[in-house]
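To start, the structure under review is shown below, and the notes come after it.
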Amino acid sequence: MTTRVRFAPSPTGYLHIGSARTALFNYLYARHTGGKFLLRIEDTDLARSTEESTRSILDGLAWLELAHDEEIVFQSDHADKHRATAKTLLAEGKAYRDFTPKAAPNDANVKDVIKDRARAAQGEKNMRDNPYRDLSAEESDARAAAGEPFAIRLEVAETGKTSFEDSVYGLQERDYQETEDLVLLRSDGHPLYNLAVVCDDIEMAITHVIRGQDHLTNAHKQVLIYEALGVAPPTFAHLPLIMAPNKGKLSKRKHGEVVSMTTYRDAGFLAAAFRNFLALLGWSAGEEKEIYTLAELVEKFSLDGIHRSNAIFNFTENDPRRWTDDKAQWMNAEYIRTMPLAELLQFVKAELKAAKLWRDEYDPEGRALTSSVPSTRAAEFQTESGERPENLAFDMPEIGSYDWFVRTVDLIRQRFFTLKDFSSQGRAYFSEDYDFDAAAIEKNLSKFPDLKTWLPELADRFETMDSFTKSEIEEVVKAFTEEKGTKLGVIMNGARTLLTGVAVGPSMLSVFETLGKERSILRLKSHVVWNS
RNA sequence: GUCCGGUUCGUCUAGGGGUUAGGACACCGCCCUUUCACGGCGGCAACACGGGUUCAAAUCCCGUACCGGAUACCA
């Protein structure tokens with residue numbers, strides 16, 4: 001039988017990081033087994049479900065490239081079937097009508113109320129003490145016919161236990177005494193979660209239910225429904241939870257944007273990197289490898305590799321550098337600097353376009369920006385000794401051309417963490433309108449007042465150069481430095497600040513060469529910084 | 001309260017009777033260097049606790065502690 005799994009979010013908010021991981025694991029399992037990955041929107045709670053949430057969840061999945069098979073199922077479309085199932089169970093005597101008046105709904109602190117009520121019961125609560133449980137069929141029918149409202153509850157046997165083999169947590173057993181006669185249908189005719197899930201999972205022929213560990217007790221209730229229905233339950237695999245740094249629940253209300261998938265997309269994360277990070281939160285292939293392509297994840301993924309203990313998603317509020325998990329940030333940077341350049345270019349193009357820094361000349365002639373990366377690609381020159389590609393010399397392409405663009409991206413990506421860096425820290429490579437970092441000015445310019453005259457003077461030297469390549473630039477700058485009786489670093493760092501606005505970046509010789517003679521001269525003569 | 005689950009460096013984790021308990025991130029140091037958040041080398045740092053079983057326990061068993069989840073006419 002083909003594996004069929006589903007990701008079933010309720011549309012009450014954006015795609016949460018924990019849900020995203022659940023979706024990923026379902027996806028990986030489906031692809032690994034050659035099965036189907038289905039999507040079902042659990043929108044039966046009309047009051048809380050919104051279309052906007054559905055859109056946001058779909059956006060998140062699309063960003064992570066977790067494409068689902070078959071049509072999306074909206075649970076609310078099947079309410080009639082759920083109701084019919086409840087009626088069938090009632091007719092078969094496996095469920096009964098409960099005429100107890102519905103308790104007034106309490107809003108904000110439902111959870112606490114329920115907890116308190118349970119605590120008050122002190123474990124002495126008899127789950128089978130509902131007075132309507134043993135009402136005769138005749139009387140039940142009569143009261144229903146008279147229009148008295150009722151909920152339909154599943155009749156759970158007095159003794160025995162539910163049990164199932166969880167693929168992650170092993171054999172799970174629960175005494176019937178611990179499970180109440182759960183409500184299947186609300187008195188207003190609204191089908192409840194556990195009923196709906198079971199009906200839909202059967203309808204969709206789901207073979208494996210992979211979801212958060214917070215559903216472990218629901219699994220027992222669902223097994224009960226499967227049994228009443230005479231259908232074999234699917235295989236369950238519950239996932240450990242992803243917690244906040246204080247081991248508490250990771251929630252939008254408390255933690256805000258860090259838990260939303262769209263935040264990462266908007267912050268310049270690569271979906272591949274984030275997916276990779278997510279895959280390693282609660283799962284491992286049992287090896288020391290950390291960077292996996294999607295294909296590798298699909299190949300290696302298995303339910304046995306899933307952990308039983310919760311994982312902490314680490315981040316520090318109010319620390320801009322640590323706003324999200326360190327490892328996620330590292331992984332993104334790692335992807336940016338090591339992924340195939342041709343792939344990265346497309347993302348950089350999108351980023352530059354969004355920042356209005358893109359120029360059509362950066363596209364290869366008559367083609368879309370994809371595979372035609374020049375063979376001079378620096379990454380291919382990486383040597384065993386760890387020599388940096390930026391130290392390599394090869395002919396400088398025409399400034400502003402496609403070849404120049406490719407080379408520049410490859411040069412600057414080494415120190416970038418997100419796609420955003422290409423339009424912020426890297427802005428000076430693509431525009432004349434870039435900002436100057438105050439700390440950089442202080443450190444590299446203000447301390448050396450002589451630079452105010454020296455740098456324009458250096459520009460004059462550049463003016464006399466016929467060819468503007470690294471070796472020649474080096475000669476000129478070195479001679480200039482000696483002449484002024486200063487250190488090379490003073491000149492280079494001052495120039496760096498003026499030319500790029502920031503204190504970090506590739507070798508200055510590469511920067512000069514990349515920016516080109518004209519722009520280097522222009523910027524060295526700029527007084528904008530000195531006057532401010 | 002009750003039921004269920006968990007516990008290896010700060011974090012993500014490998015290891016599941018005999019290991020100097022491994023890797024990654026973060027942090028620190030050194031090197032490279034005109035800068036640096038790149039790269040190279042190194043360092044700091046963990047088996048929750050108590051009993052058992054065993055020649056031998058991080059690993060198996062029991063208990064304790066702590067953490068988490070569940071306990072709705074929510075999903």
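Fair warning: this is a prediction, and the values are worked out from it, not measured in the lab. For the numbers below, each heavy atom of this structure counts, side chains included, while hydrogens, waters and symmetry mates do not.
Partner assigned to B/U2 is B/A70, using Watson-Crick or G-U wobble distances below 3.5 angstrom. Under the Watson-Crick or G-U wobble criterion, with both distances below 3.5 Å, B/U33 is left unpaired in every strand shown. Searching all strands for a Watson-Crick or G-U wobble partner of B/U20 with both distances below 3.5 Å returns nothing. When both distances must be under 3.5 Å, the Watson-Crick or G-U wobble mate of B/C27 is B/G43. The pairing partner recorded for B/G50 is B/C62, the criterion being a Watson-Crick or G-U wobble arrangement whose two distances lie under 3.5 angstrom.
Judged by the 6.0 Å distance and 45° axis criteria, A/R153 is not positioned over the aromatic ring of A/Y96. Figure legend: cation-pi geometry between A/R143 and A/F99, with NZ or CZ positioned under 6.0 Å from the six-membered ring centre and within 45° of its axis.
Residues A/D319 and A/R321 are not paired through a salt bridge, judged by the lack of any N-O separation under 4.0 Å between the basic side chain and the carboxylate.
If you take atom P in B/G16 and the same atom in B/C61, they sit 15 Å apart, rounded to whole Å. B/G50 sits 23 Å from B/G68 when the C1' atoms are compared, rounded to a whole Å. For B/A75 and B/G23, the P atoms lie 49 Å apart once the distance is rounded to whole Å. Using atom C1' as the reference point in both B/A46 and B/G15, the two lie 13 Å apart (nearest Å). B/C12 and B/C3 have their P atoms separated by 29 Å, with the value rounded to a whole Å. Nucleotides B/G42 and B/A48 place their C1' atoms 31 Å apart, quoted to the nearest Å. Across B/A37 and B/C28, the matching P atoms stand 10 Å from one another, rounded to whole Å. When the P atom is compared between B/U53 and B/U11, the two are found 34 Å apart, to the nearest whole Å.
Taking the six-membered ring for Trp and the full ring otherwise, A/H215 and A/F236 have centroids separated by 6.0 Å or more. A/F301 has its ring centre less than 6.0 Å from the ring centre of A/W283.
The backbone N or O of A/T497 lies less than 3.5 Å from no partner atom in the side chain of A/T500, so there is not a single donor-acceptor pair. In terms of modelled atom types and a separation under 3.5 Å, the side chain of A/R174 and the main chain of A/H220 share no donor-acceptor contact.
B/G5 atom C1' lies 15 Å from atom CD1 of A/I306, rounded to whole Å. B/U34 atom C1' lies 14 Å from atom CG of A/L499, rounded to whole Å. Whole-Å rounding puts the A/I242 CD1 to B/U11 C1' distance at 14 Å.
The listed nucleotides are B/C12, B/G23, B/G6; the one nearest the side chain of A/I312 is B/C12. The side chain of A/W330 sits closest to B/C25 out of B/C27, B/C25, B/G23. Each of B/A26, B/U34, B/A14 was ranked by its minimum atom distance to the side chain of A/S284; first place goes to B/A14. Here the side chain of A/R415 is nearest to one of B/U34, B/G23, B/U35, namely B/U35. When distances are taken from the side chain of A/H307 to each of B/A14, B/G23, B/U34, the shortest belongs to B/A14. With B/G23, B/C25, B/U34 as the candidates, the nucleotide lying closest to the side chain of A/S507 is B/U34. Among the nucleotides B/C27, B/G22, B/G6, the one closest to any side-chain atom of A/Y169 is B/G6.
Between A/T486 and A/I491 the shortest side-chain heavy-atom distance falls below 4.5 Å.
Across all strands shown, A/Q172 has heavy atoms under 4.0 Å from sugar-phosphate atoms exclusively, and none from any base. Residue contacts for A/K487: at a heavy-atom cut-off of 4.0 Å it reaches no nucleic acid atom on any strand shown.
Within the structure, a side-chain polar atom (N or O) of A/R337 is placed less than 4.0 Å from OP1 or OP2 of B/G39. A/R308 has no side-chain polar atom (N or O) that falls below the 4.0 Å cut-off from OP1 or OP2 of B/C4.
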Exercise for review: Sugar-phosphate atoms are those with a prime plus P, OP1 and OP2; base atoms are the rest. Using that split, label each nucleotide of nucleotides 64-75 of chain B B, S or - for protein heavy atoms under 4.0 Å, 5' to 3'.
Suggested key: ---SSSSBBBBB
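If you check the side chains of A/Q75 and A/D43, you find no donor sitting under 3.5 Å from an acceptor.
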